[in-house]
There are 2 protein chains.
Amino acid sequence: MNPENKRDSVLCSALALFAERGFDATTIPMIANSANVGAGTIYRYFENKEVLGNTLFQNYVVTFMKTIEAHYSEEQSIRQQFHHLFRAMVLFTNENEHALYFIKKHSGAHFLNEESREDFVQLLNLFRSFFETGKEQGVIRELPSEALIAIVYGAFLELQNLVRVGELVPDPELLSGVEESLWDSVRHHS
Amino acid sequence: MNPENKRDSVLCSALALFAERGFDATTIPMIANSANVGAGTIYRYFENKEVLGNTLFQNYVVTFMKTIEAHYSEEQSIRQQFHHLFRAMVLFTNENEHALYFIKKHSGAHFLNEESREDFVQLLNLFRSFFETGKEQGVIRELPSEALIAIVYGAFLELQNLVRVGELVPDPELLSGVEESLWDSVRHHS
DNA sequence: TAGAGAGGAATGAATGTTCATTCCGCGTAG
DNA sequence: CTACGCGGAATGAACATTCATTCCTCTCTA
């Protein structure tokens with residue numbers, strides 16, 4: 001996001017700081033400072049720190065879902081659907097630095113309100129229904145969908161974190177290697 | 001850990017709370033209350049909150065490494081070594097509730113001191129050398145070891161979290177299914 | 001066209017609250 | 001009786017939040 005106004009500037013700085021240090025370890029003055037804005041200005045746009053956190057969380061969960069849905073079609077083979085899911089995750093990560101890591105780090109956080117939690121459940125449901133279909137077709141491994149999600153989601157986010165801190169460079173070769181690895185972890189092997 | 005004295009009681013309560021809510025969102029009075037101890041008593045045993053956090057972190061990272069090493073032998077085949085690594089992770093998880101999740105959640109936290117960070121690097125090195133050997137033998141997929149670690153570590157911890165919150169029951173069938181899934185994600189496929 | 005004035009936006013010092021940490025009086029074991 | 005371990009109220013620092021004031025920009029007037 002290129003901050004074109006103070007509100008966006010606050011959101012943008014808060015996202016980076018929350019992802020880096022966590023919600024609780026980030027202070028309002030830090031955010032104000034990083035956004036080049038007075039502390040009071042933040043309260044013109046957000047009722048309080050929690051609202052700011054929830055706004056960010058919901059924004060990005062919804063954006064993530066849209067990214068997935070935009071690249072998704074139930075017509076295709078499960079393998080192709082998986083490819084699109086994976087590409088959507090990569091795309092979202094590229095277009096929204098810090099966002100996926102912020103979501104992951106705070107998906108169980110205490111400051112989240114009901115709406116944020118529901119949005120997150122919906123996101124998981126996208127993945128769940130994919131795996132359910134795959135298992136019905138005998139293409140996906142017979143494990144609880146929760147477990148399959150955890151494997152792909154956990155592995156991907158841990159990788160994304162390495163990229164974030166610069167320990168890994170996401171060139172095409174690495175990406176396709178990772179996609180294959182994750183696919184092998186969830187597919188049915190005969 | 002069965003708290004037999006006040007110090008252990010504090011450690012035990014702090015571990016559970018840090019894992020649940022995170023270091024920053026956990027207050028000293030919360031810990032004192034949960035440990036059935038006065039707030040001041042905590043300071044008889046730990047210089048301050050950071051020291052308490054680092055003590056826990058180092059304790060469990062070291063215990064985790066010991067658990068792994070106790071079940072490890074370089075003589076065996078890579079597949080067998082992987083099995084032992086996996087069982088060690090499960091074992092450690094069973095014997096030390098909350099501990100692995102605490103480690104994961106805080107492995108990049110700002111309160112960690114140099115020593116804690118070094119211990120964590122050592123832990124990762126255990127995994128790294130396993131994967132390096134495996135790649136040399138052509139048994140493990142050609143991906144950077146960092147990436148392989150992230151996949152196994154990320155997936156396992158996300159799963160362990162599901163178990164922790166009760167969404168998944170770790171029966172033997174599930175465990176061996178997960179082990180196979182993770183093995184398929186890192187092994188070389190011909 | 002210049003200048004005054006209104007109204008919204010922005011600021012950061014001031015406020016009240018919450019927390020880590022300290023301190024002191026109490027009880028208990030030796 | 002004494003000394004050590006303990007609890008929890010007391011303290012001060014750091015924080016989220018508020019608000020009186022300033023600053024900007026647009027508009028209306030002479």
Side-chain angles (χ1 to χ4, degrees), chain A residues 1-59 102 105-106 109-116, chain B residues 1-59 102 105-106 109-116:
Chain A
M1 190 201 307
N2 251 31
E4 312 220 322
N5 56 48
K6 307 248 167 195
R7 194 188 124 100
D8 285 353
S9 179
V10 168
L11 282 172
C12 187
S13 294
L15 175 68
L17 285 164
F18 287 163
E20 211 75 53
R21 324 189 19 116
F23 181 82
D24 292 301
T26 303
T27 71
I28 294 286
M30 273 180 208
I31 298 170
N33 190 56
S34 154
N36 279 112
V37 140
T41 304
I42 292 177
Y43 291 86
R44 294 198 65 70
Y45 298 107
F46 306 97
E47 207 181 319
N48 55 46
K49 192 182 171 188
E50 282 197 12
V51 168
L52 171 57
N54 279 285
T55 303
L56 270 176
F57 190 85
Q58 285 165 225
N59 266 1
F102 164 74
K105 200 164 187 167
H106 297 95
H110 278 272
F111 71 85
L112 291 184
N113 61 26
E114 205 47 48
E115 203 185 333
S116 295
Chain B
M1 191 201 308
N2 251 31
E4 311 220 322
N5 56 50
K6 308 243 168 196
R7 193 188 124 98
D8 285 353
S9 179
V10 168
L11 281 172
C12 187
S13 294
L15 175 69
L17 285 164
F18 288 163
E20 211 76 52
R21 325 189 19 117
F23 181 83
D24 292 302
T26 303
T27 70
I28 294 285
M30 273 180 207
I31 298 170
N33 189 57
S34 154
N36 281 112
V37 142
T41 305
I42 292 177
Y43 289 85
R44 295 200 65 69
Y45 299 106
F46 305 97
E47 206 180 319
N48 55 45
K49 193 183 172 188
E50 281 197 13
V51 168
L52 171 56
N54 279 285
T55 302
L56 271 175
F57 189 85
Q58 286 164 224
N59 266 359
F102 164 74
K105 200 164 189 168
H106 298 95
H110 277 271
F111 71 85
L112 292 184
N113 60 26
E114 204 48 46
E115 203 185 333
S116 295

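We name chains A, B, ... by the order of the sequence lines, and we start the count at 1 in each one. In what follows, every heavy atom counts, from backbone to side chain, and hydrogens, waters and symmetry copies are set aside.
- For residues 40-50 of chain A, the set of pairs meeting the salt bridge (Lys or Arg N to Asp or Glu O under 4.0 Å) definition, not counting sequence neighbours, is empty.
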side-chain contact (heavy atoms from CB on, under 4.5 Å) between L15(B) and N59(B): does it pass, once the steps are laid out?
CA-CA 11 Å; L15(B) 175 69; N59(B) 266 359; over 6 Å; no

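- The CZ-P distance, from R44(B) to dT22(C), rounds to 13 Å in whole Å.
- Applying the side chain to side chain donor-acceptor pair (under 3.5 Å) test to pairs two or more places apart or on separate chains, those with a residue in residues 25-40 of chain A are S13(A)-S34(A).
- Across S9(A) and A35(A), no two heavy atoms sit closer than the pair OG-O, 3.1 Å.
- For DNA chain D, the neighbouring residues in residues 29-37 of chain A, judged by any heavy atom under 4.0 Å, are P29(A).
- Rounding to the nearest 0.5 Å gives a distance of 10.0 Å between CD1 of I42(B) and CG of L11(B).
- Considering OG1 of T41(A) and CD1 of I28(A), their distance stands at 11.5 Å, rounded to 0.5 Å.
- Within the nucleic acid shown, T41(B) comes within 4.0 Å of at least one base atom, counting heavy atoms only.
- Proximity of residues 45-54 of chain A to DNA chain D (heavy atom under 4.0 angstrom from any strand atom) is restricted to N48(A), K49(A).
- In the set dC6(D), dT11(C), dA16(D), dA16(D) carries the atom at the smallest distance from any side-chain atom of I28(A).
- Note: CG (N5(B)) to P (dC4(D)) measures 19 Å, nearest angstrom.
- The shortest non-hydrogen separation linking V10(A) to V37(A) is CG2-CG1, 4.3 Å.
- One finds the SG atom of C12(A) at 10.0 Å from the CG atom of L17(A) (value rounded to the nearest 0.5 Å).
- The stretch residues 8-48 of chain A participates, sequence neighbours left out, in these ring pair (Phe, Tyr, Trp, His ring centres under 6.0 Å) pairs: F18(A)-F23(A), F23(A)-F111(A).
- With sequence neighbours excluded, the residues satisfying side-chain contact (heavy atoms from CB on, under 4.5 Å) with A16(B) are H98(B).
- Atom C1' of nucleotide dG5(D) and atom CZ of R7(B) are separated by 16 Å, given to the nearest angstrom.
- Distance CG (D24(A)) to P (dA14(D)): 18 Å, rounded to an integer number of Å.
- Between the CD1 atom of I42(B) and the P atom of dT22(C) there is a distance of 13 Å, given to the nearest Å.
- Between S116(A) and L112(A) the shortest heavy-atom distance is CB-CD2, 3.9 Å.
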I'd like a list of close polar pairs between nucleotides 28-30 of chain C and the protein, N/O only, cut-off under 3.5 Å.
none

Please list each protein N or O that sits under 3.5 Å from an N or O in nucleotides 13-16 of chain C, with the distance.
none

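- Remark: Y43(A) is in phosphate contact with dT17(D), judged by side-chain N or O atoms under 4.0 Å from OP1 or OP2.
- Under the rule for a side-chain hydrogen bond (donor to acceptor under 3.5 Å, both in side chains), the partners of E115(B) that lie at least two apart in sequence or sit in another chain are Q58(B).
- Within the structure, salt bridge (Lys or Arg N to Asp or Glu O under 4.0 Å) pairs that include any residue of residues 14-31 of chain B comprise E20(B)-R164(B) (at least two apart or interchain).
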